[in-house]
Amino acid sequence: LRQGFSVTQPLNARKLVYKTNWERNCVKNAFSRAGFNRTMSSNAWNGFWGKHPPLSTFKEMNRFQKVNHFPGSWCIGRKDRLAR
């Protein structure tokens, strides 16, 4: 282990940061109640809520960063691509 690094940290000692492009109160309130603070920074976030990001964004993410979509999943909800 690194000097001064603890594997078990209290939950309230961790800084949780989210990024969103939407101004929806339900999204902001859910993150706030879960202990997250909002950021406008491009890379300093733990959670992202928004539209499907491009594949390049997924490739640049760190392992601790989470988004509300899976890569390539944009076609799942497309009504025009349903079989008849």
Side-chain angles (χ1 to χ4, degrees):
L1 290 175
R2 290 183 289 181
Q3 199 75 344
F5 180 78
S6 174
V7 175
T8 56
Q9 296 176 346
L11 184 59
N12 59 358
R14 298 177 185 165
K15 186 175 180 183
L16 300 173
V17 181
Y18 78 97
K19 180 180 176 181
T20 185
N21 299 332
W22 293 350
E23 293 297 325
R24 307 281 195 274
N25 285 334
C26 59
V27 173
K28 293 190 294 186
N29 290 340
F31 275 111
S32 177
R33 289 180 184 154
F36 283 76
N37 294 313
R38 188 173 180 182
T39 184
M40 299 301 204
S41 173
S42 60
N43 294 332
W45 50 268
N46 302 99
F48 174 81
W49 190 275
K51 295 182 179 181
H52 290 272
L55 188 58
S56 60
T57 301
F58 285 104
K59 290 180 180 180
E60 295 170 359
M61 286 174 41
N62 293 320
R63 63 184 176 149
F64 61 85
Q65 292 178 313
K66 309 296 184 211
V67 296
N68 64 321
H69 293 285
F70 295 107
S73 65
W74 59 271
C75 60
I76 293 175
R78 299 236 355 220
K79 307 301 185 274
D80 61 336
R81 298 210 176 182
L82 292 173
R84 293 179 189 210

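Heavy atoms only: backbone and side chains are in, while hydrogens, waters and symmetry mates are out.
Closest of all the heavy-atom pairs between Arg38 and Trp22 is NH2-O, 3.9 Å. Contact detail for Met61 and Gln65: the closest heavy-atom pair is CE-O, 3.0 Å.
In this structure, NZ in Lys51 is found 11.0 Å from OG1 in Thr20, a value given to the nearest 0.5 Å. Between the NZ atom of Lys66 and the CZ atom of Phe48 there is a distance of 15.5 Å, given to the nearest 0.5 Å. Atom CG of Asn37 and atom CZ of Phe31 lie 11.5 Å apart (nearest 0.5 Å). One finds the CH2 atom of Trp49 at 12.0 Å from the OH atom of Tyr18 (value rounded to the nearest 0.5 Å). Once rounded to the nearest 0.5 Å, the distance linking CZ of Phe58 with NE2 of His52 reads 8.0 Å.
A heavy-atom distance below 4.5 Å is not found between the side chains of Asn29 and Cys26.
In terms of modelled atom types and a separation under 3.5 Å, the side chain of Asn46 and the main chain of Val17 share a donor-acceptor contact.
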